[in-house]
Amino acid sequence: TGKGRIEFVQIFAAVAIFILLIACMNFMNLATARASLRAKEIGIRKVAGAGKASLVTQFMTESVLTCLLATLASIAITWLLLPAFNQVFDKQIQLNFSQPALWYSIIVLVTVTSIIAGSYPSLFLASFKPIRILKGDTGTQSGSVVSVRKGLVMVQFALSAFLIVGMLAVSKQVNFIQNKDLGFDKQHIIYLPLEGELSVRMAAYQTALSQLS
């Protein structure tokens, strides 16, 4: 396949990171909101002798498994939709599963996402007091927890608004570039960016070009 511009890859990667951060925050909110449903399980395990470290390990493992399932689902969806995407946008993008770099990237992505998404819910759930749980008071609506959840929601909305505004700005900018009257006919004109030492050796470069038919 032909090589594209690295700037586009960087832009799409940045957008993907923002979307992933929003998903992680949404996972944190859902996990803490559903904490009361697992309060009795945590209380019984703590009474039976489970320590905070073992509970954190359990919840982090659940987070890793969730990320793995989501990753497998996304790979399957991408593999199914990629032919249609290439046909619509006239591209030749392929998923090369034989490349070690792809698997390294997936492993790093799952690990980092699991840590970000599962760290706060794991510490929050593991901090429940067994006596309060058995009395029916999980403390899930305490001031600090509510403040954290409100903060996560605010950050989610801020990131979403940033992405929407950014996409609108980029869309208008691309439309302006494509439709702007440059004052000359762009057909049959070769454009070469001045990279490296071309700018300081322009005379020699023009001389070499003038010798071509």
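Counting from 1, the numbers follow the sequence of the chain as shown.
- The shortest heavy-atom contact between L102 and N96 is CD2-O, 3.4 Å.
- Within the model, atoms OG of S122 and CD of E62 stand 8.0 Å from one another, a figure rounded to the nearest 0.5 Å.
- With values rounded to the nearest 0.5 angstrom, I116 atom CD1 is found 11.0 Å from T111 atom OG1.
- Placement of L69 and L80 in two distinct hydrophobic clusters is found when ILVMFWY residues are connected by side-chain heavy-atom separations under 4.5 Å, directly or transitively.
- Qualifying side-chain hydrogen bond (donor to acceptor under 3.5 Å, both in side chains) partners for T207, counting only residues two or more places apart in sequence or in other chains: none.
- When atom types are taken as modelled, the side chain of N26 and the backbone of I22 share no donor-acceptor pair closer than 3.5 angstrom.
- In this structure, the separation between CG on L159 and CD1 on I164 is 11.0 Å, given to the nearest 0.5 Å.
- Summarising the geometry of F27 relative to S63, their closest heavy-atom pair is CE2-OG, 4.3 Å, with the distance given to 0.1 Å.
- Using modelled atom types, no side-chain atom of S171 and backbone atom of L168 make a donor-acceptor pair closer than 3.5 Å.
- Under the 4.5 Å side-chain contact rule for hydrophobic residues, V15 and F162 share a cluster.
- Atom CD in Q92 sits 9.5 Å away from atom CG in L82 (nearest 0.5 Å).
- Between atom CG of residue L72 and atom OG of residue S74 there is a gap of 7.5 Å, rounded to the nearest 0.5 Å.
- When hydrophobic clusters are built by joining Ile, Leu, Val, Met, Phe, Trp and Tyr residues whose side-chain heavy atoms come closer than 4.5 Å, directly or via intermediates, L20 is not grouped with I106.
- Taking 4.5 Å as the limit, every side-chain heavy atom of I115 sits out of range of all side-chain heavy atoms of V64.
- Between the side chain of W103 and the backbone N or O of F97, at least one donor-acceptor pair lies under 3.5 Å.
- The distance from the CD atom of Q206 to the CD atom of Q211 is 12.5 Å, given to the nearest 0.5 Å.
- Clustering ILVMFWY residues whenever any of their side-chain heavy atoms sit less than 4.5 angstrom apart, transitively, puts L109 in a cluster other than the one holding L68.
- Atom CE of M202 sits in a crowded spot, with more than 12 heavy atoms from other residues, nucleotides or ligands closer than 6.0 Å.
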| message | Determine whether L21 and V155 satisfy the following criterion, side chain to side chain contact (heavy atoms under 4.5 Å, CB included), listing intermediate values before the conclusion. | response | CA-CA 10 Å; L21 286 175; V155 174; over 6 Å; no
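- Hydrophobic clustering (side-chain heavy atoms under 4.5 Å, transitive across Ile, Leu, Val, Met, Phe, Trp, Tyr) keeps M60 apart from I107.
- Between V153 and N29, the closest side-chain pair of non-hydrogen atoms falls below 4.5 Å.
- Using modelled atom types, one side-chain atom of S114 and one backbone atom of V110 make a donor-acceptor pair closer than 3.5 Å.
- Listed here is the closest heavy atom pair of N179 and N175: ND2-OD1, 2.7 Å.
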